[in-house]
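Each ligand, and each atom within it, is numbered from 1 in the order the structure gives. A quick note: this is a predicted structure, and the numbers were derived from the prediction, not measured.
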Amino acid sequence: MSISENIQQLKATLPETVTLVAVSKTKPIENLQEAYDAGQRIFGENKIQEMESKWEALPKDIQWHMIGHVQTNKVKYMAPFVHLIHAVDSLKLLKEINKQAKKNDRIIQCLLQVKIAEEDTKFGMEAASVAPLLASEEVKDFQNVQIVGLMGMSTFTEDTVQVATEFQKLKKQYDALKTPHNLTTLSMGMSGDYQLAIENGSNMVRVGSKIFGERNYNG
Ligand SMILES: *Cc1c(COP(=O)(O)O)cnc(C)c1O
(Lines give C-alpha, C1' and ligand atoms only; values in the text may rest on other atoms or scores of the structure.)
Protein backbone atom coordinates (compact mmCIF):
# COMPACT_ATOMS: atom_id res chain seq x y z
CA MET A 1 0.00 0.00 0.00
CA SER A 2 1.11 3.55 -0.68
CA ILE A 3 1.71 6.19 1.96
CA SER A 4 -1.47 8.04 1.03
CA GLU A 5 -3.52 4.83 1.20
CA ASN A 6 -2.04 4.05 4.60
CA ILE A 7 -3.01 7.49 5.85
CA GLN A 8 -6.50 7.29 4.44
CA GLN A 9 -7.06 3.89 5.98
CA LEU A 10 -5.64 4.91 9.34
CA LYS A 11 -7.70 8.11 9.46
CA ALA A 12 -10.86 6.14 8.69
CA THR A 13 -10.33 4.05 11.82
CA LEU A 14 -9.37 6.85 14.22
CA PRO A 15 -12.08 8.49 16.31
CA GLU A 16 -12.49 12.19 15.45
CA THR A 17 -11.18 13.20 18.86
CA VAL A 18 -7.83 11.54 18.24
CA THR A 19 -5.02 13.54 16.61
CA LEU A 20 -2.69 11.67 14.29
CA VAL A 21 1.01 12.56 14.41
CA ALA A 22 2.72 11.05 11.36
CA VAL A 23 6.16 10.01 12.59
CA SER A 24 8.44 10.65 9.64
CA LYS A 25 11.88 10.29 11.26
CA THR A 26 14.55 8.87 8.93
CA LYS A 27 12.20 9.17 5.93
CA PRO A 28 13.00 11.32 2.87
CA ILE A 29 11.21 14.57 2.01
CA GLU A 30 9.29 12.91 -0.87
CA ASN A 31 7.60 10.57 1.59
CA LEU A 32 6.50 13.49 3.76
CA GLN A 33 5.30 15.37 0.69
CA GLU A 34 3.16 12.38 -0.27
CA ALA A 35 1.62 12.32 3.20
CA TYR A 36 1.08 16.08 2.98
CA ASP A 37 -0.67 15.70 -0.37
CA ALA A 38 -2.93 13.12 1.28
CA GLY A 39 -3.96 15.80 3.77
CA GLN A 40 -1.60 15.13 6.67
CA ARG A 41 -0.42 18.31 8.40
CA ILE A 42 1.17 17.05 11.63
CA PHE A 43 4.57 15.37 11.51
CA GLY A 44 6.73 13.98 14.31
CA GLU A 45 10.52 13.88 14.27
CA ASN A 46 13.03 12.85 16.91
CA LYS A 47 16.18 14.66 15.76
CA ILE A 48 16.28 18.43 15.78
CA GLN A 49 18.56 18.89 12.76
CA GLU A 50 16.52 16.52 10.62
CA MET A 51 13.30 18.27 11.66
CA GLU A 52 14.83 21.65 10.86
CA SER A 53 15.86 20.69 7.33
CA LYS A 54 12.46 19.15 6.64
CA TRP A 55 10.75 22.28 7.99
CA GLU A 56 12.83 24.37 5.60
CA ALA A 57 11.96 22.17 2.60
CA LEU A 58 8.25 21.62 3.14
CA PRO A 59 5.08 23.79 3.19
CA LYS A 60 4.81 26.12 6.15
CA ASP A 61 1.35 25.04 7.30
CA ILE A 62 2.82 21.82 8.73
CA GLN A 63 2.84 21.45 12.51
CA TRP A 64 6.16 19.99 13.62
CA HIS A 65 6.17 17.84 16.74
CA MET A 66 9.43 16.94 18.47
CA ILE A 67 8.81 13.45 19.85
CA GLY A 68 12.35 12.50 20.87
CA HIS A 69 14.55 13.32 23.82
CA VAL A 70 15.68 16.95 23.74
CA GLN A 71 19.08 18.19 24.81
CA THR A 72 18.96 21.61 26.41
CA ASN A 73 21.60 23.08 24.10
CA LYS A 74 19.59 22.16 21.00
CA VAL A 75 16.31 23.85 21.94
CA LYS A 76 17.33 27.06 20.17
CA TYR A 77 17.34 25.36 16.77
CA MET A 78 13.68 24.40 16.89
CA ALA A 79 12.30 27.28 18.96
CA PRO A 80 11.42 29.37 15.85
CA PHE A 81 8.96 26.80 14.50
CA VAL A 82 8.28 23.74 16.69
CA HIS A 83 4.59 23.32 17.54
CA LEU A 84 4.61 20.71 20.32
CA ILE A 85 7.46 19.11 22.27
CA HIS A 86 6.35 15.67 23.52
CA ALA A 87 9.18 14.52 25.74
CA VAL A 88 9.83 17.24 28.29
CA ASP A 89 11.13 15.66 31.47
CA SER A 90 12.81 18.31 33.58
CA LEU A 91 12.47 21.81 34.96
CA LYS A 92 15.83 22.64 33.43
CA LEU A 93 14.55 21.82 29.96
CA LEU A 94 11.31 23.78 30.52
CA LYS A 95 13.37 26.78 31.56
CA GLU A 96 15.40 26.65 28.36
CA ILE A 97 12.29 26.20 26.19
CA ASN A 98 10.73 29.21 27.90
CA LYS A 99 13.86 31.27 27.29
CA GLN A 100 14.15 30.35 23.61
CA ALA A 101 10.42 30.72 22.98
CA LYS A 102 10.60 34.20 24.47
CA LYS A 103 13.49 35.13 22.17
CA ASN A 104 11.30 34.11 19.24
CA ASP A 105 8.26 35.88 20.65
CA ARG A 106 6.35 32.60 20.74
CA ILE A 107 4.53 30.33 23.14
CA ILE A 108 5.69 26.73 22.77
CA GLN A 109 3.41 23.90 23.79
CA CYS A 110 4.88 20.99 25.72
CA LEU A 111 3.92 17.59 27.06
CA LEU A 112 5.53 16.07 30.12
CA GLN A 113 6.88 12.61 29.40
CA VAL A 114 6.02 10.24 32.22
CA LYS A 115 7.67 6.87 32.86
CA ILE A 116 4.97 4.25 32.55
CA ALA A 117 6.93 1.26 31.24
CA GLU A 118 8.05 -1.45 33.58
CA GLU A 119 11.35 -1.71 31.75
CA ASP A 120 14.02 0.68 32.86
CA THR A 121 13.89 3.63 30.51
CA LYS A 122 16.34 6.48 30.50
CA PHE A 123 13.88 9.24 29.72
CA GLY A 124 10.70 10.52 31.27
CA MET A 125 9.73 11.78 34.71
CA GLU A 126 8.65 9.63 37.60
CA ALA A 127 4.87 9.77 37.88
CA ALA A 128 5.13 11.16 41.40
CA SER A 129 7.11 14.20 40.19
CA VAL A 130 4.52 15.40 37.67
CA ALA A 131 1.95 17.08 39.94
CA PRO A 132 4.58 18.95 42.01
CA LEU A 133 6.22 20.24 38.83
CA LEU A 134 2.90 21.46 37.39
CA ALA A 135 2.08 23.17 40.67
CA SER A 136 5.47 24.82 41.15
CA GLU A 137 5.59 28.61 41.13
CA GLU A 138 8.48 28.56 38.72
CA VAL A 139 6.50 26.66 36.11
CA LYS A 140 3.41 28.81 36.63
CA ASP A 141 5.54 31.87 35.99
CA PHE A 142 6.74 30.72 32.57
CA GLN A 143 5.17 33.10 30.06
CA ASN A 144 6.33 31.37 26.88
CA VAL A 145 5.75 27.72 27.69
CA GLN A 146 2.37 26.07 27.89
CA ILE A 147 2.19 22.54 29.30
CA VAL A 148 -0.81 21.03 27.54
CA GLY A 149 -0.64 17.38 28.51
CA LEU A 150 1.24 14.17 29.17
CA MET A 151 3.08 11.65 27.01
CA GLY A 152 3.99 8.05 27.72
CA MET A 153 5.56 5.03 26.07
CA SER A 154 4.57 1.53 27.07
CA THR A 155 6.86 -1.43 27.56
CA PHE A 156 7.90 -3.09 24.29
CA THR A 157 6.09 -6.40 24.79
CA GLU A 158 3.44 -8.63 23.24
CA ASP A 159 1.66 -8.70 26.58
CA THR A 160 -1.36 -6.51 25.83
CA VAL A 161 -2.64 -6.73 29.40
CA GLN A 162 0.56 -5.16 30.65
CA VAL A 163 0.51 -2.46 27.95
CA ALA A 164 -3.13 -1.65 28.68
CA THR A 165 -2.35 -1.41 32.39
CA GLU A 166 0.46 1.06 31.71
CA PHE A 167 -1.80 3.21 29.52
CA GLN A 168 -4.53 3.15 32.15
CA LYS A 169 -2.10 4.35 34.78
CA LEU A 170 -1.21 7.40 32.71
CA LYS A 171 -4.85 8.08 31.78
CA LYS A 172 -5.76 8.10 35.46
CA GLN A 173 -3.01 10.58 36.22
CA TYR A 174 -4.04 12.72 33.24
CA ASP A 175 -7.67 12.76 34.41
CA ALA A 176 -6.64 13.89 37.87
CA LEU A 177 -4.54 16.76 36.51
CA LYS A 178 -6.45 17.93 33.46
CA THR A 179 -8.96 20.25 35.08
CA PRO A 180 -6.69 22.01 37.57
CA HIS A 181 -3.94 22.43 34.98
CA ASN A 182 -5.96 22.90 31.77
CA LEU A 183 -4.52 19.84 30.08
CA THR A 184 -6.00 18.80 26.73
CA THR A 185 -3.60 16.23 25.30
CA LEU A 186 -2.70 12.68 26.21
CA SER A 187 -0.08 11.37 23.77
CA MET A 188 0.21 7.59 23.85
CA GLY A 189 0.26 4.87 21.23
CA MET A 190 2.51 4.00 18.28
CA SER A 191 2.10 1.69 15.27
CA GLY A 192 1.98 -1.45 17.38
CA ASP A 193 -0.28 -0.29 20.18
CA TYR A 194 -2.25 2.79 19.11
CA GLN A 195 -5.64 1.01 19.13
CA LEU A 196 -5.02 -0.18 22.67
CA ALA A 197 -3.88 3.32 23.62
CA ILE A 198 -7.08 4.87 22.22
CA GLU A 199 -9.24 2.31 24.02
CA ASN A 200 -7.48 3.45 27.16
CA GLY A 201 -7.93 7.16 26.72
CA SER A 202 -5.26 8.44 24.34
CA ASN A 203 -6.24 11.41 22.18
CA MET A 204 -2.95 11.75 20.29
CA VAL A 205 -1.19 8.85 18.57
CA ARG A 206 2.32 8.88 17.10
CA VAL A 207 2.35 6.50 14.15
CA GLY A 208 5.41 5.94 11.95
CA SER A 209 6.02 2.56 10.36
CA LYS A 210 2.34 1.87 9.76
CA ILE A 211 2.28 4.92 7.48
CA PHE A 212 5.77 5.10 5.99
CA GLY A 213 6.89 1.47 6.24
CA GLU A 214 9.69 0.02 8.32
CA ARG A 215 12.66 2.25 9.05
CA ASN A 216 16.14 1.19 7.97
CA TYR A 217 17.65 1.90 11.33
CA ASN A 218 16.14 2.21 14.72
CA GLY A 219 15.64 5.96 14.93
C1 LIG B 1 9.62 6.30 16.44
C2 LIG B 1 8.63 6.74 17.46
C3 LIG B 1 7.25 6.54 17.26
C4 LIG B 1 6.67 5.81 16.06
O5 LIG B 1 7.00 4.45 16.06
P6 LIG B 1 6.29 3.41 15.07
O7 LIG B 1 6.38 2.13 15.80
O8 LIG B 1 7.08 3.43 13.82
O9 LIG B 1 4.90 3.86 14.86
C10 LIG B 1 6.39 7.03 18.22
N11 LIG B 1 6.83 7.69 19.31
C12 LIG B 1 8.14 7.90 19.52
C13 LIG B 1 8.55 8.63 20.76
C14 LIG B 1 9.08 7.44 18.62
O15 LIG B 1 10.38 7.64 18.87
Would you please determine whether Asn46 falls within less than 4.0 Å of ligand 1 on a heavy-atom basis? no
Among pairs that include at least one residue of residues 134-150, which meet salt bridge (charged side-chain N to carboxylate O under 4.0 Å, His left out), considering only residues two or more places apart or in two chains? Lys95-Glu138, Glu137-Lys140
Side chains of residues 197-205: which donor-acceptor partners sit under 3.5 Å, not counting sequence neighbours?
unit_1: Asn200; atom_1: OD1; unit_2: Gln168; atom_2: NE2; d: 2.9
unit_1: Asn200; atom_1: ND2; unit_2: Leu196; atom_2: O; d: 2.8
unit_1: Ser202; atom_1: OG; unit_2: Leu186; atom_2: O; d: 3.4
unit_1: Ser202; atom_1: OG; unit_2: Met188; atom_2: O; d: 2.7
unit_1: Ser202; atom_1: OG; unit_2: Met204; atom_2: N; d: 3.3
unit_1: Ser202; atom_1: OG; unit_2: Met204; atom_2: O; d: 3.1
unit_1: Asn203; atom_1: OD1; unit_2: Leu186; atom_2: N; d: 2.8
unit_1: Asn203; atom_1: ND2; unit_2: Thr184; atom_2: O; d: 2.9

If we number the atoms of ligand 1 from 1 as shown, the ones under 4.0 Å from a heavy atom of Lys25 are 1 (C), 2 (C), 3 (C), 14 (C), 15 (O)
With a 6.0 Å cut-off (strictly less than), is the heavy-atom count around CD of Glu118, excluding the residue itself, greater than 12? no
Look at atom 7 (O) of ligand 1 and find which of Ser187, Ser209, Gly68, Gly152 reaches it with the closest heavy atom. Ser209
Heavy-atom proximity to atom 12 (C) of ligand 1, picking from Ile67, Asp193, Val21, Thr26, points to Ile67
For ligand 1, which atoms have a heavy atom of Ser191 less than 4.0 angstrom away? 6 (P), 7 (O), 8 (O), 9 (O)
In ligand 1, the atoms that come under 4.0 Å of a heavy atom of Val207 are 9 (O)
Contact (N/O only, under 3.5 Å) between Arg215 and ligand 1: yes
Do any N or O atoms from the side chain of Ser191 and from the backbone of Lys210 form a donor-acceptor pair under 3.5 angstrom? yes
Enumerated ligand 1 atoms positioned under 4.0 Å from heavy atoms of Met153: 13 (C)
Verify whether one side chain among Asp37 and Gln33 offers a donor that lies under 3.5 Å from an acceptor in the other. yes
Using a strict cut-off of 4.0 Å, indicate which atoms of ligand 1 neighbour a heavy atom of Gly208. 4 (C), 6 (P), 8 (O), 9 (O)
Side chains of Glu96 and Gln100, donor plus acceptor under 3.5 Å: yes
Give yes or no for whether the N/O distance cutoff of 3.5 Å, strictly under, is met between Arg206 and ligand 1. yes
Parallel, tilted or perpendicular for Phe123 and His69, by the 30°/60° rule? parallel
